[in-house]
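One structure is given here, and the rest of the page talks about it.
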Amino acid sequence: MGPQSTPDLSTEASPLSLSTVAIVGLGTMGTGIAEVLARAGREVIGIDTDEAAARHAVSALEAATARAVQRERITERERQDILARFRTFTDVQAAADADLVIEVVPEDYELKRQVFAELDAVVRPETILATGTNALSVTRLAADSQRPERVLGVHFFNPAPAMKLVEVVSSVLTAPTAVAAVTELAHHLGKDPIAVGDRPGFVADGLLFGYLNQAAAMYEAKYATREDIDAAMRLGCGLPMGPLALLDLIGVDTARTVLEAMYADSQDRLHAPAPILGQLTEAGLTGRKAGRGFYTYDAPGSSTVVPDAESPAAADELTGGRTVTGVGVAGSGTMASGIAEVFAKAGFKVVLAARSLEKAEKAKARIAKSLGRSVDKGRMSAEARDTALAAITPAGSLDAFADVDLAVEAVAEDLAVKQELFTTLDKVCKPGAVLATTTSSLPVVACARATSRPQDVIGMHFFNPAPAMKLVEVVRTVLTADDVHATVRAVCTKVRKHPVDCGDRAGFIVNALLFPYLNNAIKMVEEHYATLDDIDAAMKLGGGYPMGPFELLDVVGLDVSLAIEKVLHAEFRDPGLAPAPLLEHLVAAGCLGRKTGRGFREYARR
C-alpha cells in the first residue's frame with residue numbers, strides 16, 4: 001500500500017465525528033453495545049445475517065428501554081428517539097456510511113477475517129474498524145486488512161450496558177488518532193476505557209482466565225467440590241461469582257478458545273486449558289447457554305441451577321462428631337483474638353492463651369474494643385457483649401487447655417513454631433480433644449506428626465478479619481479421623497461460618513487460586529504491558545473484584561504474599577508459579593505494603 005492511499009485520520013477521527021456506528025453480529029454482546037450507543041445519541045446500524053437475531057436485538061432494546069421508562073430513568077419520548085436510532089440489516093453493505101464499525105461475531109479467526117474483508121470493500125477510507133475479540137490477534141486482523149492503521153480492538157464486557165470497563169486495544173500498526181477517537185467515544189458513552197497492547201486476553205481476561213483455568217483443574221482433580229470451590233472464592237475473596245459458575249456464564253467453549261490463544265502466546269502451563277474444558281465443550285455442555293456445564297440449569301439460557309448427580313443433599317450433613325463446649329485459642333495477634341471473639345459470641349467457653357498473661361489480657365482488651373464497636377453500630381446488645389467477654393478467660397500458658405474440647409492455634413506462620421506448639425498441645429490437652437491449625441500455607445500433616453495423635457489434628461483456616469469473614473477452609477490430612485472432620489464442620493456451622501472441605505496441599509482452595517492471579521498481575525507490570533492503575537481498574541470494573549490486585553497485595557503484605565507464592569511454587573513445581581522478580585525485589589527493599597508505608601504504592605504515614 002503506497003503512502004498516497006493512507007487516509008488522513010487526523011481530521012476524520014474525532015470522537016464527535018463517530019456519530020454513526022455499525023455493529024456486526026447481534027448476539028448478546030452486539031445487542032448490548034448497540035443499546036449503549038443508541039442511548040448515548042449515536043445512530044446505530046445493526047447487522048446480522050440471521051434475521052431472527054436482528055429481530056431479537058430490536059425486541060431486547062424495546063424491553064430494556066421500556067424498563068427504563070417504568071423506572072423513570074428516561075421519558076417515553078426519549079425511548080422513542082433511542083429506538084428510532086437503531087436500525088437492523090442482514091447485509092454488510094449497510095455499514096457503508098458508518099464512521100466506526102465494531103464486529104462482535106463468534107471467536108473464529110477466519111470468520112472475523114472474512115467480515116473485515118467484506119467491510120474493506122464497502123466502508124469509507126477513514127472509517128475505523130474495531131474487533132470485539134478478547135482472544136484473537138488484533139494485529140493479525142489488521143495486517144490482513146487493506147488499511148491496517150484504522151484497525152483496533154474495542155473490548156466491552158458483558159452485560160455491556162452495565163459494565164463500565166472498555167479495553168481499547170492497539171496494534172503496532174494502529175494510528176494513534178484512531179485510538180484517541182475511540183477512547184474519547186468510550187468516555188462519551190459513560191465508560192472507563194483503558195489502553196492496552198495486543199496480546200491474548202488483554203488485561204482483565206488475561207488475568208481472569210488463568211484463574212478460571214486453575215479452578216477447573218482443581219475441580220477436575222477432585223480436590224474440592226464445585227460448590228466448595230465457588231463458595232470459597234465468593235466468601236474468601238468477596239467475588240460476585242465463583243469461578244465454575246462464571247465459566248458456565250461465559251461459556252465453557254469460549255473460555256477454552258481464550259485459553260488456547262493465551263497458551264499459544266505465553267507457553268505458560270497455567271494457561272494450557274484444563275482437559276475438562278475440552279471434554280465439556282466436545283460434549284456440548286458449554287454452560288448456561290446449553291443448560292448444562294459445570295452445573296445443570298432448568299433450561300438452556302437459564303440462570304436457575306437445579307440439582308443433579310453431584311449436588312450435595314441436605315441429608316449428607318456429617319453426623320457422629322465429638323461434643324465441643326470449651327475451646328482453647330493459642331496466640332495473641334489479630335487472628336487469634338478474632339477467632340476467640342467468634343467462639344465467645346457463639347456461646348462457647350474460651351481460653352485465650354498467649355506467651356504471657358499480659359499478652360493474653362491485651363488480646364482480650366482488643367476483643368472488648370471490637371465488641372464495643374458492634375454495640376455502637378447496633379449489631380449486638382450491651383448484654384450480649386458482656387456475656388461474650390465473660391466467656392473468655394485469658395491465660396499465660398497452654399496448660400490452661402487441659403479441659404478444652406477443641407484447641408485452635410493461631411500463632412506465627414512458621415512450621416517449627418507450630419510443630420513445637422502441637423507437641424505441647426499433645427501433652428496438655430485431654431484425650432479426644434480436637435487439635436486445629438489455622439495455617440494458610442503450611443502442611444497440616446506436618447503439625448499432626450508432631451503429636452502422638454495425628455488422627456485428632458485438622459486444619460481450620462479462618463480468614464482475616466475472622467469476626468466478619470464467613471469462610472473456613474476445613475483441611476483434612478490423610479490421617480484425620482472422620483469424627484474429627486464431622487466435629488469441625490458442626491462447630492463451623494454453630495459459629496455461623498461456611499465450611500468448605502479441601503485436602504492438605506499448598507494454598508488449599510483460596511490461596512492456591514488467588515496468588516497465581518496476583519503473581520500474573522505483577523508480571524504484566526514487569527513487562528510494561530499495563531500500569532498498576534489500569535490493571536486495578538480492569539479487575540474492579542471488568543471482573544467485579546472488590547479490590548484490584550495491587551491494592552490487595554499491599555493490604556495482605558508483600559512479604560506474606562511472597563512466602564505463599566514460594567510455597568505454591570515449591571509444592572507444584574510449575575515454572576508459571578515462580579514468584580515475579582519485582583515482588584522479590586520490593587520485599588528485599590523492605591517495601592512490604594501498607595504496613596511499611598510503601599509497597600506497589602506509597603501510603604501516608606499514620
Side-chain angles (χ1 to χ4, degrees), residues 1-15 17-18 20-25 29-30 33 45 47 92 95-96 98-157 166-186 193-206 257-258 260-262 264-266 524 527-530 534:
M1 182 176 69
Q4 71 277 9
S5 64
T6 303
D8 179 9
L9 291 171
S10 61
T11 56
E12 292 91 338
S14 71
S17 73
L18 303 181
T20 301
V21 182
I23 307 294
V24 182
M29 181 61 81
I33 297 171
I45 300 165
I47 301 170
V92 171
D99 305 304
L100 167 67
V101 183
I102 305 173
E103 71 76 17
V104 276
V105 301
E107 288 289 88
D108 177 273
Y109 179 78
E110 190 53 39
L111 177 60
K112 290 182 184 290
R113 189 200 62 76
Q114 182 181 338
V115 169
F116 270 74
E118 292 176 9
L119 289 170
D120 272 332
V122 300
V123 300
R124 301 193 310 271
E126 67 272 15
T127 299
I128 297 172
L129 301 181
T131 172
T133 185
N134 64 343
L136 302 178
S137 170
V138 176
T139 305
R140 187 178 170 196
L141 284 169
D144 285 346
S145 168
Q146 292 181 14
R147 298 184 183 89
E149 71 283 345
R150 65 179 179 177
V151 176
L152 43 67
V154 181
H155 182 211
F156 286 79
F157 288 75
V166 174
E167 292 176 319
V168 181
V169 188
S170 57
S171 77
V172 293
L173 304 169
T174 310
T177 46
V179 176
V182 171
T183 300
E184 193 60 27
L185 171 65
I194 63 171
V196 298
D198 181 25
R199 67 188 240 181
F202 312 129
V203 172
D205 285 352
T257 298
V258 174
E260 290 281 14
M262 290 174 63
D265 181 69
S266 70
M524 276 191 177
E527 295 163 8
H528 305 288
Y529 177 66
D534 278 351

As a quick check of understanding, evaluate salt bridge (charged side-chain N to carboxylate O under 4.0 Å, His left out) for Arg150 and Asp120, giving each step before the final call.
CA-CA 11 Å; Arg150 65 179 179 177; Asp120 272 332; 2.3 Å; yes

Does Glu527 form a side-chain contact (heavy atoms from CB on, under 4.5 Å) with Arg199? I'd like the steps, not just the answer.
CA-CA 12 Å; Glu527 295 163 8; Arg199 67 188 240 181; 2.8 Å; yes

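- Under a 3.5 Å cut-off, the side chain of Glu167 and the backbone N or O of Phe202 do not form any donor-acceptor pair.
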For Glu107 and Asn134, run side-chain contact (heavy atoms from CB on, under 4.5 Å): C-alpha distance rounded to whole Å, both residues' side-chain angles, the deciding distance at 0.1 Å, then the answer.
CA-CA 8 Å; Glu107 288 289 88; Asn134 64 343; 3.0 Å; yes

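- Arg124 and Ala96 get closest at one heavy-atom pair: CG-O, 3.8 Å.
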So Glu126 and Asp99, side-chain contact (heavy atoms from CB on, under 4.5 Å) or not? Walk me through it.
CA-CA 8 Å; Glu126 67 272 15; Asp99 305 304; over 6 Å; no

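- Of all the heavy atoms in Gly132 and Val104, the pair that sits closest is CA-CG1, 4.1 Å.
- One finds the OG1 atom of Thr131 at 10.0 Å from the OH atom of Tyr109 (value rounded to the nearest 0.5 Å).
- Here the closest heavy-atom approach between residue Glu103 and residue Thr133 is recorded as OE2-N, 4.4 Å.
- Here the CE atom belonging to Met29 is positioned 6.0 Å from the NE2 atom belonging to His155, to the nearest 0.5 angstrom.
- Considering CZ of Arg140 and OG of Ser145, their distance stands at 14.0 Å, rounded to 0.5 Å.
- The shortest side-chain heavy-atom distance between Val151 and Leu173 does not fall under the 4.5 Å cut-off.
- For the atom pair CG of Asp198 and CG of Leu152, the computed distance is 10.5 Å after rounding to the nearest 0.5 Å.
- Phe116 CZ to Leu111 CG: the interatomic distance, rounded to the nearest 0.5 Å, is 11.0 Å.
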Could you go through the side-chain contact (heavy atoms from CB on, under 4.5 Å) check for Val203 and Tyr529 one step at a time?
CA-CA 9 Å; Val203 172; Tyr529 177 66; 3.7 Å; yes

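- Nearest heavy atom pair, residue Leu18 against residue Ala181, reads CD1-O, 3.8 Å.
- Here the rule is side chain to side chain contact (heavy atoms under 4.5 Å, CB included) with Leu100, and of Leu185, Val123, Thr127 only Leu185 fits it.
- For Ala22, the side-chain contact (heavy atoms from CB on, under 4.5 Å) criterion is met by Ile45, Ile47, Ala95, Ala98, Val101, not counting sequence neighbours.
- Annotation for Ala142 and Pro148: closest pair O-CB, 3.1 Å, computed over non-hydrogen atoms.
- A distance of 11.5 Å separates CG in Leu119 from NZ in Lys112, rounded to the nearest 0.5 Å.
- Here the rule is side chain to side chain contact (heavy atoms under 4.5 Å, CB included) with Pro193, and of Val168, Val154, Val179 only Val168 fits it.
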